[in-house]
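Only heavy atoms go into these numbers, but all of them, side chains included; no hydrogens, no water, no symmetry mates. Everything quoted here is computed from the prediction, not taken from an experiment.
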Amino acid sequence: MHRAKRCGARTRSGKPCQSPAMANGRCRMHGGPSPGAPKGNRNSFKHGRYTTESIARRREISTLIRAARALDVG
């Protein structure tokens, strides 16, 4: 960790920041958001809730429920 590349952005005191740099060359305080997950990250497919098919299925079900409630109003 002590050998990592340093941020180097100017602090309010005018000295260079000594925090370790991220991939974009700045630290987490001076460089904005992190570069994100690596390309091809498969962690988002852990449960499948946000796949196109499951979203379409949930929309169909909510449409059917809405229609059933509209028929039940009496």
Side-chain angles (χ1 to χ4, degrees):
M1 187 69 168
H2 69 282
R3 300 176 86 185
K5 184 180 173 207
R6 298 297 158 176
C7 172
R10 294 282 168 201
T11 61
R12 288 194 272 180
S13 66
K15 296 178 179 158
C17 175
Q18 292 300 309
S19 295
M22 297 187 298
N24 62 6
R26 294 292 182 205
C27 69
R28 59 193 170 87
M29 278 91 61
H30 296 114
S34 69
K39 297 290 182 194
N41 185 10
R42 304 292 292 181
N43 293 337
S44 61
F45 297 112
K46 187 172 186 179
H47 47 67
R49 178 173 171 84
Y50 299 105
T51 60
T52 307
E53 296 85 19
S54 62
I55 292 171
R57 187 178 314 123
R58 285 196 302 272
R59 285 186 180 150
E60 275 183 47
I61 291 170
S62 63
T63 304
L64 289 172
I65 290 171
R66 236 179 277 120
R69 286 183 180 154
L71 290 175
D72 195 37
V73 176

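Annotation for Ile65: hydrophobic cluster partners, listed by chain and number, are Ile61 (ILVMFWY side-chain heavy atoms under 4.5 Å, direct or chained).
Remark: Glu60 engages no residue in a side chain to side chain contact (heavy atoms under 4.5 Å, CB included) (not counting sequence neighbours). Taking Ser13 as the reference, Thr11 meet the side chain to side chain donor-acceptor pair (under 3.5 Å) condition, with sequence neighbours excluded. Evaluation of the side chain to side chain contact (heavy atoms under 4.5 Å, CB included) rule for Leu64 yields no partner, not counting sequence neighbours. The side chain to side chain contact (heavy atoms under 4.5 Å, CB included) test applied to Arg59 returns Ile55, not counting sequence neighbours. In this structure, the side chain to side chain contact (heavy atoms under 4.5 Å, CB included) partners of Arg49, at least two apart in sequence or on a different chain, are His47, Arg58.
Inter-residue side-chain proximity for Pro16 and Arg6 is flagged as unmet; no heavy-atom pair is nearer than 4.5 Å. No side-chain heavy atom of Arg10 sits under 4.5 Å from any side-chain heavy atom of Cys17.
Closest approach of His30 to Cys7, counting heavy atoms only: ND1-SG, 3.7 Å. Nearest heavy atom pair, residue Met22 against residue Arg28, reads CE-CA, 4.2 Å.
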